[in-house]
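Notes for the one structure printed next.
We number each residue from 1, following the sequence as shown.
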Amino acid sequence: MIASTGSSGLYKAPFSKGLLLLPSALSILLAFLFQPQQSFFVYNLQAIKENFQVWNLIFGRLICLDLKDTFCSSLLIYNFRTLERRFGSRKFTSYLLGTWILSALFDILLVEAVEVFTGITLSTLPSGFLSPVFALFVPFYCSVPRVSLAHIFGWFPITNKTLVYIVGLQLLTSSPYMLVVAVSGLVSGLFYSKDVLNIGQLLCVPRWLAKVFSQTLEPIFSSVEPINEAHVGMGATVDIQRQQRIELLDQQIMLSQLSQFGRRRHDQGGIFGWNRFFQPLRQRQVVNHAEPQAPSPPAPEQQVRHKVVIFIISLYLSTFNLTRVS
């Protein structure tokens with residue numbers, strides 16, 4: 001679903017593996033074996049405000065009671081494992097913990113705002129670890145590079161992120177009240193990413209606690225490095241090969257941007273032309289041999305931009321080849 005910048009699977013993503021296994025297993029057990037105990041995990045805001053049931057604010061935001069939400073959130077967490085590899089397990093865990101705490105506050109504020117402006121009282125919200133999952137869309141949008149793969153109808157691009165956004169949209173539309181949880185998660189993700197009021201320093205996992213978990217729980221949830229992974233480059237070690245894989249992805253991004261920059265829309269002789277609806281990744285230049293026409297000279301600014309882009313790509317390829325030779 002995401003253009004790979006590292007090893008496949010859950011290698012070097014122990015916290016993501018724990019989020020996939022434990023909440024999903026508990027959700028399945030509550031759905032089939034322990035249905036009477038589901039009341040302990042209902043996210044009831046009215047009981048929190050009137051009866052001060054703080055434990056409901058905690059348990060109601062951990063386990064999904066709807067299996068559709070469990071499935072969609074598990075898919076998103078699996079795709080967001082790339083963020084844990086980029087940031088590290090401690091920073092990734094701190095981000096989820098901070099957004100989980102912030103989203104609890106924003107949930108109450110949004111419910112009160114809806115009741116004041118619309119008169120609608122929201123007593124319960126969808127249960128589960130959902131707000132931090134929506135909050136992960138903020139660093140996913142900002143830090144994961146976007147690679148264009150194709151275009152539909154010449155207007156709608158298909159990228160390496162499209163399927164992830166579709167799964168997020170499916171999770172958003174699974175419940176009429178999911179919009180409150182999604183907005184709360186996105187706002188908390190923006191607050192934590194921008195470090196508003198030093199939230200990133202206040203709501204973080206201490207180093208000593210991260211060291212304890214790395215020695216006790218990380219060996220349990222750690223995954224073995226895949227041995228059937230295709231090696232890219234000629235690095236002597238796995239880390240060098242992984243770095244060459246990242247450089248290869250950057251090269252593909254530059255080529256994709258160059259193809260987008262030089263793409264020209266043209267008709268193919270009919271409304272139902274295939275390339276009119278689904279443009280290929282690299283369009284071929286169509287030459288009319290029957291009626292040859294002199295090509296119109298490009299604008300000076302466009303010539304300069306083409307030369308600069310071609311020079312940058314050639315310089316990058318030359319340095320990439322030098323690193324491979326060395």
For the backbone of [Y] and the side chain of [X], can you confirm whether one donor and one acceptor N or O come within less than 3.5 Å of each other?
{"X": "Thr99", "Y": "Pro132", "value": "no"}
{"X": "Asp66", "Y": "Thr70", "value": "no"}
{"X": "Ser184", "Y": "Ser103", "value": "yes"}
{"X": "Thr118", "Y": "Val114", "value": "yes"}
{"X": "Asn56", "Y": "Ile48", "value": "no"}
{"X": "Gln37", "Y": "Leu30", "value": "no"}
{"X": "Asn79", "Y": "Lys161", "value": "no"}
{"X": "Ser214", "Y": "Lys211", "value": "yes"}
{"X": "Arg81", "Y": "Tyr78", "value": "yes"}
{"X": "Glu84", "Y": "Phe15", "value": "yes"}

Could you grab the distance from atom [atom1] of [X] to atom [atom2] of [Y], nearest 0.5 Å is fine?
{"X": "Phe71", "Y": "Leu67", "atom1": "CZ", "atom2": "CG", "value": "11.0 Å"}
{"X": "Leu102", "Y": "Leu190", "atom1": "CG", "atom2": "CG", "value": "11.0 Å"}
{"X": "Tyr192", "Y": "Ser94", "atom1": "OH", "atom2": "OG", "value": "5.0 Å"}
{"X": "Ile108", "Y": "Lys49", "atom1": "CD1", "atom2": "NZ", "value": "8.0 Å"}
{"X": "Ile28", "Y": "Ile63", "atom1": "CD1", "atom2": "CD1", "value": "11.0 Å"}
{"X": "Leu186", "Y": "Phe191", "atom1": "CG", "atom2": "CZ", "value": "12.5 Å"}

Report yes or no: do [X] and [Y] belong to one cluster of Ile/Leu/Val/Met/Phe/Trp/Tyr joined by side chain heavy-atom distances under 4.5 Å?
{"X": "Leu197", "Y": "Tyr95", "value": "yes"}
{"X": "Phe106", "Y": "Ile120", "value": "yes"}
{"X": "Val183", "Y": "Val116", "value": "no"}
{"X": "Phe117", "Y": "Tyr177", "value": "no"}

Flag yes if more than 12 heavy atoms outside [X] fall under 6.0 Å of its [atom1] atom; otherwise flag no.
{"X": "Phe129", "atom1": "CZ", "result": "yes"}
{"X": "Leu33", "atom1": "CG", "result": "yes"}
{"X": "Tyr165", "atom1": "OH", "result": "yes"}

So Asp107 and Arg61, side-chain contact (heavy atoms from CB on, under 4.5 Å) or not? Walk me through it. CA-CA 11 Å; Asp107 285 345; Arg61 304 177 68 247; 3.8 Å; yes
Let me see the working for Val205 and Phe92 under side-chain contact (heavy atoms from CB on, under 4.5 Å), right down to the final yes or no. CA-CA 10 Å; Val205 179; Phe92 183 74; over 6 Å; no
Should Leu65 and Tyr43 be marked as a side-chain contact (heavy atoms from CB on, under 4.5 Å) after you check the CA-CA gap, both sets of side-chain angles, and the distance that decides it? CA-CA 10 Å; Leu65 298 180; Tyr43 190 16; over 6 Å; no
Give the intermediate values and the outcome of side-chain contact (heavy atoms from CB on, under 4.5 Å) for residues Leu62 and Phe41. CA-CA 8 Å; Leu62 290 178; Phe41 297 93; 5.6 Å; no
Check whether any side-chain heavy atom of Phe80 sits under 4.5 Å from a side-chain heavy atom of Ser16, and report yes or no. no
Shortest non-hydrogen contact from Gly18 toward Pro23: O-CD, 3.5 Å
Ignoring hydrogens, what is the shortest heavy-atom contact between Ser73 and Leu130? Give both atom names and the distance. CB-CD2, 4.2 Å
